[in-house]
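A, B, ... follow the sequence lines: proteins, then strands. Residue 1 opens every chain.
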2 protein chains.
Amino acid sequence: MRAVTLKDIARETGFHVSTVSRALDPRARSALTDEVVQKVAAAAERMGYRPNRLAAGLRTKRTRTVGLVIPDITNALFPPIVRGVESVLEPLDYVSIIVNTDSSRDRERSQIGVLLERGVDGIIHAAVERDDPFIGDLERQKVPFVTVNRALDHSAAPAVVNDDAGGIREMMKLLVEQGHREIAHIAGPQRLSTGVERLAAFRAAAEAFGISVPEYYIQRSDLLVETEGRRCAEALLSLNRPPTAILAANDRLALGAFEAIADLGLDCPGDVSVTGFNDNEFLRLIPPGLTTVRVDKLGAGRRAAEVLIGLIDHPETAPDPRTVLPVELVRRGSVAPPRTGALEAQKRPGVA
Amino acid sequence: MRAVTLKDIARETGFHVSTVSRALDPRARSALTDEVVQKVAAAAERMGYRPNRLAAGLRTKRTRTVGLVIPDITNALFPPIVRGVESVLEPLDYVSIIVNTDSSRDRERSQIGVLLERGVDGIIHAAVERDDPFIGDLERQKVPFVTVNRALDHSAAPAVVNDDAGGIREMMKLLVEQGHREIAHIAGPQRLSTGVERLAAFRAAAEAFGISVPEYYIQRSDLLVETEGRRCAEALLSLNRPPTAILAANDRLALGAFEAIADLGLDCPGDVSVTGFNDNEFLRLIPPGLTTVRVDKLGAGRRAAEVLIGLIDHPETAPDPRTVLPVELVRRGSVAPPRTGALEAQKRPGVA
DNA sequence: CGGCGTGAAGTTTGCGCTAACGTCACACGG
DNA sequence: CCGTGTGACGTTAGCGCAAACTTCACGCCG
């Protein structure tokens with residue numbers, strides 16, 4: 001069952017292949033008489049013609065394919081971003097090829113390689129590290145690309161990010177208003193822009209609110225996973241003077257903190273308040289309900305795709321180097337006023 | 001910055017393009033002297049050669065691309081299936097193009113169309129309905145394809161499914177052992193194979209355990225979403241003789257039942273036990289912990305990819321028409337023995 | 001010692017498509 | 001009445017690659 005080609009339609013209709021090609025191309029159609037266009041369209045329809053994008057791509061050097069580099073599609077943060085991207089790409093007749101890096105540089109390199117072999121017209125990168133070493137290659141090869149959610153340190157590459165600083169500030173404000181003064185931070189990995197941004201914002205906000213944060217109130221996680229959140233929270237809660245609130249750099253770290261709190265026989269928010277970042281799905285169903293910062297995942301994906309398309313269609317015009325998406329505080333049960341002194345009193349006998 | 005082609009390497013090394021092509025092709029390499037292979041490989045490396053898969057695909061009619069049709073990547077069931085698929089595809093140098101149907105037939109048709117235009121070597125379909133009308137076309141065009149998770153009604157197409165019947169039976173056994181006799185079912189949409197399979201299994205298991213199930217204990221959902229689960233559960237709990245256990249056809253329906261139970265001021269598992277199917281992530285964190293049937297999502301994706309590759313590489317040999325993956329009961333807090341008579345006593349005064 | 005198999009390379013072709021270019025007829029203005 | 005523009009279509013080339021086919025030299029065997 002060979003596929004129907006332009007040549008077949010040409011034979012059938014008696015026109016030349018290139019006439020058929022034009023008749024089927026909305027942009028070139030105007031150069032032809034209506035009669036020809038009608039006949040060709042009818043024949044194409046009747047014969048079940050389906051354009052071969054590969055051949056067209058080979059000729060035009062445009063595949064209408066974009067690469068989407070993410071750490072792991074299994075991570076609830078990314079599917080909505082993907083849908084956002086596709087919501088703008090699909091109407092434009094693009095498809096995306098998604099690759100997972102599993103946060104491994106080796107995998108990132110090879111996966112970007114497969115995207116390039118496939119001739120993607122551009123890349124949306126949701127897994128960059130601040131000093132990503134493979135990005136230079138892309139820039140040198142003039143492959144249009146955008147980063148989402150995260151940004152590069154020294155690069156003019158357009159980035160679509162969330163208002164990390166604003167979100168952290170809001171959160172700090174809430175905690176302070178609730179009466180907290182001993183506020184700790186579980187920072188994200190410092191090789192990610194979100195990790196350093198949120199940590200810096202944490203420090204800045206603390207200072208703005210007149211809260212002093214000792215260094216040991218800042219725990220750096222190595223990965224954005226629950227186990228790391230748990231480890232960091234355990235360290236914080238084992239301090240002689242444990243914090244009354246833990247502001248985590250993301251939801252998964254916060255979920256890990258929940259576990260640590262439960263393990264130590266403590267209560268959230270009774271003994272410790274906890275906050276997150278991102279507002280992943282299902283969070284509202286998990287007690288006591290994580291107070292967090294909602295980021296617009298769909299919007300981020302959408303915007304990234306728009307920027308990328310701009311880059312592809314108008315390579316000369318400089319794009320917005322940076323889009324900062326607004327965030328929104330979501331209050332749930334994990335924040336309450338501190339129970340003054342209660343935590344220390346309770347802990348002293350138990351812990352060495 | 002034009003990409004390096006075989007021709008460039010040929011000019012550089014003095015060999016002919018086809019010699020270069022062979023030197024770079026592991027299968028054809030053996031026909032060349034080591035010296036040539038070495039030189040070509042070195043030049044390719046040095047010049048940063050990257051094969052153009054489009055051109056190769058145009059020539060060979062093999063794109064090493066598969067299409068992955070899913071309802072919605074945002075649905076937690078699918079990312080692990082996707083990873084499973086890619087875990088076998090990636091080492092074979094394939095990529096996948098994922099399309100979301102949003103359970104719409106129009107979208108499904110057009111999305112399958114874009115996959116075909118892209119010349120995918122095969123399709124893994126995780127969104128089929130029992131009488132899917134577009135599948136006939138695929139079979140006629142001899143496009144290799146497999147269904148995952150769901151199956152077609154009248155088709156020889158290979159399917160990778162879970163042991164729905166076994167899972168339901170196990171679940172029924174558990175409920176009966178716990179002392180339940182009034183067991184209701186929130187069935188999945190009957191246009192999906194899982195919907196009818198699980199309903200049939202529910203009836204069969206009930207009979208096997210000597211449980212009689214009145215028709216009004218079976219509520220059919222229209223979509224596999226929480227709101228539908230809630231609607232169905234409300235209907236069941238508003239009966240004069242409400243069930244003591246609700247066996248839902250999937251986790252999301254069960255989560256909806258949780259909501260309905262809470263809304264009615266009832267307690268799970270105190271007043272009603274609830275069970276699900278699939279074992280989506282994060283379920284363990286949602287109280288009281290859904291007792292459910294764990295399906296091997298990664299394994300399903302993996303198996304589907306293996307079957308598809310078999311179909312692609314050996315079109316003549318008939319594949320296993322059906323792979324049934326084992327499932328596992330996961331006990332959590334949502335099932336407890338019925339509080340005999342308590343529910344009725346409590347409800348009578350309140351509900352008409 | 002001649003023919004022939006074989007190994008190692010080169011030549012050619014064409015996958016399906018698009019874009020640059022060519023042709024031809026007709027209309028229109030000076 | 002002829003040149004020239006223009007509209008409508010045909011011709012050609014080539015994107016990058018792989019596979020079929022060709023060439024050529026060498027060695028071996030009868």
Margin query: Rounded to whole Å, how long is the line connecting atom CD1 of A:I9 with atom P of C:dC17?
Written below: 8 Å
Check: Considering only C:dG16, D:dC17, D:dG10, which nucleotide approaches the side chain of A:H16 most closely?
Finding: D:dG10
Item checked: Whole angstrom value for the distance that separates P of D:dT23 from CZ of B:F15 -> 22 Å
Check: Is a salt bridge present between A:D137 and A:R109, judged by a nitrogen-to-oxygen distance below 4.0 Å?
Finding: no
Item checked: Rounded distance [0.5 Å steps], CZ in A:F134 versus CZ in A:R105 -> 6.0 Å
Notebook entry, point to check: If you check the B:S21 side chain, which of C:dT12, D:dG10, D:dA18 turns out closest?
Noted result: D:dA18
Check: C:dC17 P sits how many Å from A:L54 CG, rounded?
Finding: 11 Å
Check: Should B:D153 and B:R191 count as an ion pair when the cut-off is N to O under 4.0 Å?
Finding: no
Check: Please give, in whole Å, the distance from D:dC17 P to B:R11 CZ?
Finding: 12 Å
Next item on the list: Write down the distance between NZ (B:K7) and P (C:dT11), rounded to a whole number of angstrom.
Entry: 14 Å
Next item on the list: Answer yes or no: is there a donor N or O on one side and an acceptor on the other, between the side chain of B:D72 and the main chain of B:T74, under 3.5 Å?
Entry: yes
Margin query: If you take any heavy atom closer than 4.0 Å to DNA chain D, which residues from residues 32-41 of chain A end up in contact?
Written below: A:L32, A:T33, A:V36
Notebook entry, point to check: What does B:L6 touch in the nucleic acid at a heavy-atom separation under 4.0 angstrom: a base, only the sugar-phosphate, or nothing?
Noted result: sugar-phosphate
Next item on the list: Give one of base, sugar-phosphate or nothing for A:S18, where a contact means two heavy atoms less than 4.0 Å apart.
Entry: base
Notebook entry, point to check: Taking for each residue the nucleotide of DNA chain C bearing the nearest heavy atom, is the 5' side occupied by B:G14 or by B:L58?
Noted result: B:G14
Item checked: Nearest-angstrom distance from the residue atom CG of B:D8 to C1' of D:dG16 -> 10 Å
Notebook entry, point to check: Looking across every strand, which nucleic acid part, if any, lies under 4.0 Å from B:R22 by heavy atom: base, sugar-phosphate, or nothing?
Noted result: base
Checklist line | Approximate separation, where rounding is to 0.5 Å, of B:I73 CD1 and A:R83 CZ | finding: 9.0 Å
Check: When the distance from CZ of B:R59 to C1' of D:dA20 is rounded to whole Å, what number comes out?
Finding: 8 Å
Notebook entry, point to check: Between A:K39 and A:E35, is the closest basic N to carboxylate O distance under 4.0 Å?
Noted result: yes
Checklist line | Between D:dC17 (C1') and A:E117 (CD): distance, integer Å | finding: 13 Å
Note to self: From the set C:dA19, C:dC15, C:dG10, return the single nucleotide nearest to any side-chain atom of B:T19.
What the structure shows: C:dG10
Notebook entry, point to check: Got a donor-acceptor contact below 3.5 angstrom from the A:H314 side chain to the A:T317 backbone?
Noted result: no
